[in-house]
Amino acid sequence: MHPRRPLLLLLLLLLLVPVLLAGRSRPGVSTGAACTTIDHADAIADRLAAGRACNDDRLALGAAASCTTPVVPLCARGVVDETLALSYGQSELPEVAAADLTAGLTCQAAIGAWAEAYAAERLRRLVQGDTPDDADASAFAAAPAFAPACAANVAQSSSGVVLPQVGAQCAAAVGEPGDPVDTDSLEDCMRTLLGVFVDRVSPVRGPLRPNIILVVTDDQRFDAIGDTHGPAPGEVAMPTVHALAQQGLTFSTAYVNWPSCESSRATMLTGQYASRSGFRDFPTFAEGMTIGPWMSHRGYRTAYVGKYLFGYSSFIKNRYFYVPTGWTKWAVLRHQNYYGYDLVDGWSLVPYGDGPDDYSTDVLRDHAVSFIEDSADQGPFFMIYAPLAPHNPPTPADRHAGDFAERASFRPPAFDEEDVDDKPRVVSRNPRWSEDHKQREDDRQKGQLESLRAVDEAVAAMLSAVEAAGVADDTVVIYTSDNGQLWGEHRLTGKKWAYEESTRVPFIVHYPRLVPLPRTETRAIANVDLVPTLLQLAGASASRPLDGDSLVPLFDGTATDWRDAVFLEGERHEFQWWGVRQGDWKYVVYNFGQRELYDLANDPHELENLVAHPDQKDRANDLGNLVRTEFPEAPRPPQIVGTCGLGAEIAPVLVALGIARRRVAQSRRMNRARRSA
């Protein structure tokens with residue numbers, strides 16, 4: 001080798017590393033210069049005043065209104081638009097007859113004046129060197145109260161326009177036409193969010209650095225929290241988590257990118273699609289390049305409590321175990337059991353038996369609460385609480401056995417679907433269910449729901465712990481699951497399928513600083529977005545490329561746009577599949593060539609596969625190309641891949657042989673790694 005070549009290669013590597021680590025998402029501290037001078041503050045105040053006057057004129061005068069928009073400094077970024085959107089709601093204000101909505105116009109103008117005064121004064125005080133608390137007090141005192149002007153109820157014009165309007169973040173305080181405006185709640189909500197918006201562009205800008213609790217259940221359906229599956233009509237399945245949703249932000253269309261335990265959890269730790277993170281092959285799963293170490297490097301105390309996977313259990317069969325780098329506390333199940341298991345507690349292996357105090361959800365709960373109590377006064381903390389429930393075989397705590405005994409059988413439209421001829425062969429080959437089969441499924445569902453009762457109690461215990469420690473307002477609680485479950489839909493049970501019940505999960509966020517009032521977000525997200533979100537909240541960064549996007553702009557309502565597609569992939573024993581949800585449409589392609597296309601707006605239960613419909617040919621092809629852009633390994637429809645012309649019937653067999661060969665090779669690599677460890 002030429003003597004200079006190693007030096008050149010090293011130089012090239014040093015140049016490439018920042019590019020390779022940049023990834024698609026770059027969460028962290030806000031970029032761009034801060035607004036630091038009185039001139040900056042005055043310019044933003046002028047723009048806020050002009051925007052407020054323009055909105056008021058357009059509401060009162062319609063098209064006859066004349067508006068001016070002063071230029072704002074670059075440091076202001078979106079704070080002006082965010083403030084106006086929060087205090088006026090609609091981005092395109094309609095023409096309104098003043099005589100028709102006099103009271104509504106008066107209230108709306110007063111809300112706008114309050115927001116303008118508060119935001120402008122808070123920024124001015126921060127520029128002058130005040131602390132955020134002092135700036136908040138001065139800004140609140142300077143803002144003219146809007147409660148007197150909003151004494152009348154919400155008004156609606158003859159043309160259907162409703163006033164006052166505010167951003168979706170605070171809309172719960174306004175209500176429906178005829179309702180009184182909850183001025184106290186509205187004021188608190190706007191004050192909280194405007195403080196966040198202004199601070200982002202001010203000299204005190206930076207990450208929020210809250211405490212973070214991420215609860216990840218095991219195989220929980222998206223609808224197994226509220227009254228859909230309650231123990232009796234009108235009762236909810238999980239009272240604490242349901243109340244959390246009623247207080248915070250609920251994502252109604254949250255997905256996991258790969259609906260199986262290990263794969264989904266790999267995505268939650270790495271921020272990458274499971275097919276890119278090395279989730280199958282333990283020796284290539286780089287544990288130092290996951291959310292725990294990244295948060296630890298940013299000064300967070302970290303804890304992993306519960307189910308871990310990634311080959312970990314196989315490494316401790318002979319009592320050999322370890323604590324991965326980056327975790328302050330490590331309390332992980334050696335056996336995936338509700339009773340009769342060992343717990344890796346730091347560098348100790350602790351056995352648990354079959355007694356009432358050994359129930360794993362409760363034991364993990366106590367570890368979680370202890371970590372919160374130990375960490376609350378030591379700076380920010382990050383914890384993953386991952387109980388086994390409601391994974392099969394579902395085993396409730398003794399105190400919850402029979403809670404759902406009287407629950408009615410769940411029979412949605414797709415249950416034991418009568419006609420599955422339009423489904424892929426791997427689905428359509430399944431027979432109709434017998435009554436015994438249905439009864440076994442009913443019992444399994446009840447067991448799963450009963451096992452979640454202890455999880456609900458654990459969430460309540462953690463919420464009580466942060467409240468007692470005085471850090472509730474500075475703690476983010478995110479509740480989700482690693483995948484869903486089919487409960488008889490399309491004659492199927494379990495996970496790993498492309499259908500909604502398998503890929504959709506609950507996703508609830510409780511964080512008063514960014515979500516002051518309850519609301520529902522309908523834009524689709526996925527668990528690949530979790531890591532970018534956590535990193536942005538903490539002001540941390542990743543050491544590998546990320547596939548998702550931060551959800552923080554959806555938390556605080558400042559996102560002006562959002563990607564329109566969520567990508568999905570999966571594998572069962574005999575086949576693989578790739579898919580995409582874009583808008584109301586979902587498309588799936590299998591590696592043996594068959595496809596599915598569903599209009600979820602008109603067919604939420606996925607009863608009619610439209611892929612062969614002549615009117616949907618172009619849509620199916622466009623979505624297929626979108627899938628192949630994200631996953632180049634996905635076949636181009638309607639090819640049958642790897643069948644040598646033998647047809648779709650033999651394709652699953654050949655695919656299964658290929659998957660089996662890969663798994664044998666992976667097992668051999670894992671065995672070699674264990675021997676060398």
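Treat the numbers as computed from the prediction; the structure is a model and nothing was measured. By convention here, the first residue in the shown sequence is residue 1.
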| task | Output all residues satisfying salt bridge (Lys or Arg N to Asp or Glu O under 4.0 Å) with K438, sequence neighbours left out; order by chain, then residue number. | result | D416, E435

| request: Evaluate the criterion side-chain hydrogen bond (donor to acceptor under 3.5 Å, both in side chains) for residue pair H400 and E457; output intermediate values, then yes/no. | output: CA-CA 11 Å; H400 298 307; E457 293 171 348; 3.1 Å; yes

| request: Examine distances only and state if a side-chain atom of K586 and a backbone atom of Y598 form a donor-acceptor pair shorter than 3.5 Å. | output: no

| said: With a 4.0 Å cut-off on N to O distance, would you call R365 and D362 a salt bridge? | reply: yes

| said: Within the 3.5 Å criterion, strictly below it, is a donor on R544 or Q272 matched to an acceptor on the partner's side chain? | reply: yes

| remark: Nearest heavy-atom contact between L449 and A237 is CD2-CB, 4.4 Å

| task | Kindly determine whether D549 and I525 satisfy side-chain contact (heavy atoms from CB on, under 4.5 Å), including the steps that lead there. | result | CA-CA 9 Å; D549 298 293; I525 65 167; over 6 Å; no

| task | Evaluate side-chain hydrogen bond (donor to acceptor under 3.5 Å, both in side chains) for Y341 paired with R334, printing each intermediate quantity in order. | result | CA-CA 7 Å; Y341 57 91; R334 177 186 180 187; over 6 Å; no

| said: Minimum heavy-atom separation for R491 and W433, please, with both atom names. | reply: O-NE1, 3.3 Å

| query | Does one side chain, of D599 or N602, offer a donor that lies under 3.5 Å from an acceptor on the other? | reply | yes

| message | For V552, is there any backbone N or O sitting under 3.5 Å from a side-chain donor or acceptor partner on Q536? | response | no

| query | Taking only residues two or more places apart in sequence or in another chain, which ones pass side-chain hydrogen bond (donor to acceptor under 3.5 Å, both in side chains) with R407? | reply | H229, Q445

| What distance do L554 atom CG and T522 atom OG1 have between them, rounded to the nearest 0.5 Å? | 9.5 Å

| query | Hey, are the side chains of F251 and T253 touching, using non-hydrogen atoms and a 4.5 Å cut-off? | reply | no

| Minimum heavy-atom distance between P387 and V216, given as atom pair plus value | CD-O, 3.5 Å

| request: Evaluate the ring planes of F575 and F592, with Trp represented by its six-membered ring, and classify them as parallel (under 30°), tilted (30 to 60°) or perpendicular (over 60°). | output: perpendicular

| query | Counting distance only, does the side-chain N/O of D218 pair as donor-acceptor with the main-chain N or O of A389 below 3.5 Å? | reply | no

| said: If we ignore hydrogens and angles and just use 3.5 Å, is the side chain of D456 paired with the main-chain N or O of T240 as donor and acceptor? | reply: yes

| request: Tell me, please, whether W585 has R619 positioned over its six-membered ring: NZ or CZ under 6.0 Å from the ring centre and within 45 degrees of its axis? | output: yes

| Looking only at atom types and distance, does a side-chain atom of R572 sit under 3.5 Å from a main-chain N or O of K495, one as donor and one as acceptor? | yes

| query | Within the side chain of H613, is there an N or O that forms a donor-acceptor pair under 3.5 Å with the backbone of D615? | reply | yes

| request: Applying side-chain contact (heavy atoms from CB on, under 4.5 Å), run through R432 and E418 and close with a yes or a no. | output: CA-CA 7 Å; R432 297 294 300 275; E418 180 178 357; 3.7 Å; yes

| query | Are S543 and W294 linked by a side-chain donor-acceptor pair shorter than 3.5 Å? | reply | yes

| query | If we ignore angles and hydrogens, is there a donor and acceptor under 3.5 Å between the side chains of W578 and E630? | reply | no

| note | All heavy atoms of W258 vs all of S264, minimum pair found to be O-CB, 3.6 Å

| task | Using a strict 4.0 Å threshold on nitrogen-to-oxygen distance, state whether E574 and R429 make a salt bridge. | result | yes

| query | With the threshold set at 4.0 Å, does a side-chain nitrogen-carboxylate oxygen contact exist between D622 and K617? | reply | no

| Salt-bridge present (D561, R523; N to O < 4.0 Å) | no

| query | Does the side chain of I291 come within less than 4.5 Å of F382's, by heavy atoms? | reply | yes

| request: Would you check if the side chain of S502 reaches a backbone N or O of K496 as a donor-acceptor pair within less than 3.5 Å? | output: yes

| request: Sort out for me which residue in Q220, R444, E501 forms a side-chain hydrogen bond (donor to acceptor under 3.5 Å, both in side chains) with Q485. | output: R444

| task | Decide yes or no for V241 and I508: does some side-chain heavy atom of the first lie under 4.5 Å from some side-chain heavy atom of the second? | result | yes

| query | Are V566 and L568 close enough that some pair of their side-chain heavy atoms sits under 4.5 Å apart? | reply | yes

| said: Closer than 3.5 angstrom, by distance alone: can the side chain of T217 be matched with the main-chain N or O of T480 as a donor-acceptor pair? | reply: yes

| Criterion ring pair (Phe, Tyr, Trp, His ring centres under 6.0 Å) on Y304 and Y385, from CA distance to verdict | CA-CA 6 Å; Y304 198 107; Y385 173 75; over 10 Å; no

| request: Answer yes or no: is there a donor N or O on one side and an acceptor on the other, between the side chain of N337 and the main chain of G340, under 3.5 Å? | output: yes

| request: Consider only side-chain N and O atoms of N257 and T267, and report whether a donor and an acceptor are under 3.5 Å apart. | output: no

| task | Applying side-chain contact (heavy atoms from CB on, under 4.5 Å), name anything that partners D442, two or more places apart in sequence or on another chain. | result | S409, R411, Q439

| task | Could you tell me whether R628 and E633 make a salt bridge, using a distance below 4.0 angstrom between a side-chain N and a carboxylate O? | result | no

| request: Flag the pair M238 / V455 as yes when at least one side-chain heavy-atom distance between them is below 4.5 Å, and no otherwise. | output: yes

| Hey, does Q169 have a side-chain heavy atom less than 4.5 Å from the side chain of L517? | no

| said: Under a plain distance cut-off of 3.5 Å, with no hydrogens placed, do Y587 and Q582 share a side-chain donor-acceptor pair? | reply: no

| Donor-acceptor pair between S434 and D436 side chains, under 3.5 angstrom | no

| field | Donor on one side chain, acceptor on other, E500 and H605, under 3.5 Å | value | no

| request: Looking only at non-hydrogen atoms, find the nearest pair between N609 and R595 and report the distance. | output: ND2-O, 3.1 Å

| message | Check this for me, if you would: do R221 and E489 make a salt bridge, where the nitrogen-to-carboxylate-oxygen distance has to be below 4.0 angstrom? | response | yes

| remark: Scanning both residues in full, the closest heavy-atom pair of L546 with P532 reads CD1-CG, 4.0 Å

| said: Counting C-beta onward and ignoring hydrogens, is there a side-chain heavy-atom pair between L214 and Y479 closer than 4.5 Å? | reply: no

| said: When you compare the side chain of Y511 with that of I478, does any pair of heavy atoms fall below 4.5 Å? | reply: no

| query | Knowing that exactly one of S481, S260, C261, P394 qualifies, which makes a side-chain contact (heavy atoms from CB on, under 4.5 Å) with D219? | reply | C261

